[in-house]
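For reference, the structure discussed in these notes is given below.
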Amino acid sequence: MSILELGIEVAGTYVATIAFGILLNIPRRALNLGGWVGVIGFLLYRGIVLVGGGYVVGNLLGAVWIGLASLQVARWKHMPMILFNIPALVPLVPGGQAYQMIKYFALGQNSTAFTYLLQVVMISGSIAFGFLLSEMVNRLRQRGLRRHR
Amino acid sequence: MAVKRKRDQLILHTALTAGRIMIENGSEIERVEDTMTRIAVNAGAKTSQLFVMITGILMSLDGDVGAQIQPIKRRTFDLEKISVVNDLSRQFAEKKITLAAFANRLDHLDATSKYFPFWLQLLASALVSGPLEVVFRHNLPDFWITCVVGMLGWSVFYVISKYVPIRFMAEFASAVTIGVLAVWSQHFGLGNSVDDIIIGSVMPLVPGVPITNSVRDILAGNLVSGPARGIEALVSAAAIGFGIAMVLQFL
């Protein structure tokens, strides 16, 4: 993969994250940062896939990273966390696999469709679990901060 | 006594309105509970009892004012309003605005809230579709047609969800539109790959808010609201899938 392709992917992720934020009517001052949170999560996912870590680990760590980064940004800007993590998650959604699954089910090729179904379940499960992990880390940190005060 | 009663009434009204606005626009339950408790504490109520669900809120204060219920009838996604309620609650905690002013602002929030203009939302839906098609499929020549198909599909979604009060109908109809347009665009030589165009174009319809909130609610221990939102996300994803499958079957 060349640098140009990576650049196109990063630009695409940034634009798409911001545009999804506009569809959800996110406040204007949160849009730019939300876009960068999305880019960072996507880059981590892409890097792990390129190194050979596999889709599941890539999505898991990408989701963990998005969760942690969006809490950090939310604290810094005094805004709710969901403004940042919902748009940032969109580039990780397994849209391609979900579409292939539906296509092969519609065409009656069930065995191919089941392969894709398995991929969709694995990827969305790993994203959900990544969110869960980041949420746990966030809660532990909040508890730690409260105890120190 | 009458003064205290009136004040308690106002506290309940403010907290319940804030909670209703937040749930209606896609906030997670824990944040609603947190905000409502904060409002009550900052307004001087000693204790408050809360029962927050995705379809309604019940709240009571100690004193002679009874508990009050606020049903929640509709659910949309407007994260700006959540952010506004959050800001107002912060200002109230710092004593920059009074309780009466807070209640007044909340009452008028539904009327005065500003959406992005329609043309910008259309542009945004195009800019979700096209770039994600390139990111997922690396198919640069189909970028423009994916933008157009995604924009048309999303505008069908917008119009139907505004004027037809049946849930999940909008997702289904716009998925069918996207499928038909994608097949036609390949037929007339505007695009190369039906698959790639459809994958990009359905991205603006992804139920991102329910998915995220479902995970967060379940983790916070709201075992009724979390799975309920999960079902919402699953059904709208299924509606999109059936729409696409129908087109692929017939064309």
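All chains are named by letter (A, B, ...) in the order of the sequence lines, taking the proteins before the strands, and each is independently numbered beginning at 1.
Side-chain contact between A/Ser134 and A/Trp65 is absent, with no heavy-atom pair separated by less than 4.5 Å. With contacts defined as side-chain heavy-atom distances shorter than 4.5 Å, the pair B/Val176/B/Ile244 does not qualify. In this structure the side chain of A/Met101 never reaches within 4.5 angstrom of the side chain of A/Phe114, judged on heavy atoms.
With a 4.5 Å cut-off on non-hydrogen atoms, B/Leu123 does not touch chain A at all. Interface remark: A/Tyr14 contributes no atoms to any contact with chain B (heavy atom separation under 4.5 Å). Heavy atoms closer than 4.5 Å to chain A are found in the side chain of B/Asp87, but not in its backbone. Only the side chain of B/Val215 comes within contact range of chain A, judged by heavy atoms closer than 4.5 Å. Looking at B/Val128, both its backbone and its side chain come within 4.5 Å of chain A, counting heavy atoms on both sides. At a 4.5 Å heavy-atom cutoff, the contact between A/Leu89 and chain B is made by side-chain atoms alone. Only the side chain of B/Asn86 has a heavy atom closer than 4.5 Å to any heavy atom of chain A. Using a 4.5 Å cut-off between heavy atoms, B/Asn25 makes no contact with chain A at all. For a residue to count as touching a neighbouring chain, one of its non-hydrogen atoms must lie under 4.5 Å from one of that chain's; by this rule A/Met81 touches chain B with backbone and side chain alike. Residue contact with chain A, scored on non-hydrogen atoms closer than 4.5 Å, involves the backbone and the side chain of B/Leu127 alike. Of the two parts of B/Ala220, the backbone and the side chain both hold a non-hydrogen atom closer than 4.5 Å to a non-hydrogen atom of chain A.
Taking each heavy atom of B/Ile82 and B/Gly26 in turn, the nearest pair found is CD1-C, 3.6 Å. Across all their heavy atoms, B/Asn192 and B/Asp142 have their closest contact at N-OD1, 2.9 Å. Taking each heavy atom of B/Trp154 and B/Pro204 in turn, the nearest pair found is CD1-CB, 3.8 Å.
A/Arg141 and A/Gln72 are linked by a side-chain donor-acceptor pair at a separation below 3.5 angstrom, with hydrogens and angles left out of the test. Under the 3.5 Å distance criterion, with hydrogens and angles disregarded, no donor-acceptor pair is assigned to the side chains of A/Tyr104 and A/Asn110.
Per-residue heavy-atom pair counts under 4.5 Å with chain A were compared for B/Val134, B/Val209, B/Val206, and the maximum is reached by B/Val209. Among B/Gln249, B/Arg90, B/Gln121, the residue making the largest number of heavy-atom pairs under 4.5 Å with chain A is B/Arg90. Ranked by heavy-atom pairs under 4.5 Å with chain A, the list B/Asp196, B/Ile218, B/Val135 is led by B/Val135. The candidate from A/Ile18, A/Val93, A/Ile127, A/Ile8 with the greatest count of non-hydrogen atom pairs under 4.5 Å with chain B is A/Val93. When A/Gly95, A/Gly67, A/Pro91, A/Pro80 are compared by the number of non-hydrogen pairs under 4.5 Å with chain B, A/Pro80 comes out ahead. Ranked by heavy-atom pairs shorter than 4.5 Å toward chain A, the options B/Ser83, B/Gly208, B/Ser125, B/Ser214 are led by B/Ser83. Among the candidates B/Phe77, B/Phe242, B/Tyr115, the residue making the largest number of heavy-atom pairs closer than 4.5 Å to chain A is B/Tyr115. Of the listed residues (B/Met203, B/Glu80, B/Glu28, B/Arg137), the greatest number of heavy-atom pairs within a distance under 4.5 Å of chain A belongs to B/Glu80.
Of residues 19-35 of chain A, those residues with a non-hydrogen atom less than 4.5 Å from any non-hydrogen atom of chain B are, in numerical order, A/Ala19, A/Phe20, A/Ile22, A/Leu23, A/Leu24, A/Asn25, A/Ile26, A/Pro27, A/Arg28, A/Arg29, A/Leu31.
Aromatic ring pairs are classed by plane angle as parallel below 30°, tilted from 30° to 60° and perpendicular above 60°; the pair B/Phe92 and B/Phe102 is tilted.
The backbone N or O of B/Ile23 sits nowhere less than 3.5 Å from a side-chain atom of B/Ser27 that would complete a donor-acceptor pair. No side-chain donor-acceptor contact under 3.5 Å links B/Asn139 to the backbone of B/Ser193. Between the A/Asn59 side chain and the A/Tyr55 main chain, a donor and an acceptor come within less than 3.5 Å of each other.
Heavy atoms of other residues, nucleotides or ligands lying less than 6.0 angstrom from CZ of B/Phe118 number more than 12. The number of heavy-atom neighbours closer than 6.0 Å to CZ of B/Arg105, taken from other residues, nucleotides and ligands shown, is 12 or below.
Partners of B/Arg229 according to the salt bridge (Lys or Arg N to Asp or Glu O under 4.0 Å) rule, which considers only residues two or more places apart in sequence or in another chain, are B/Asp217.
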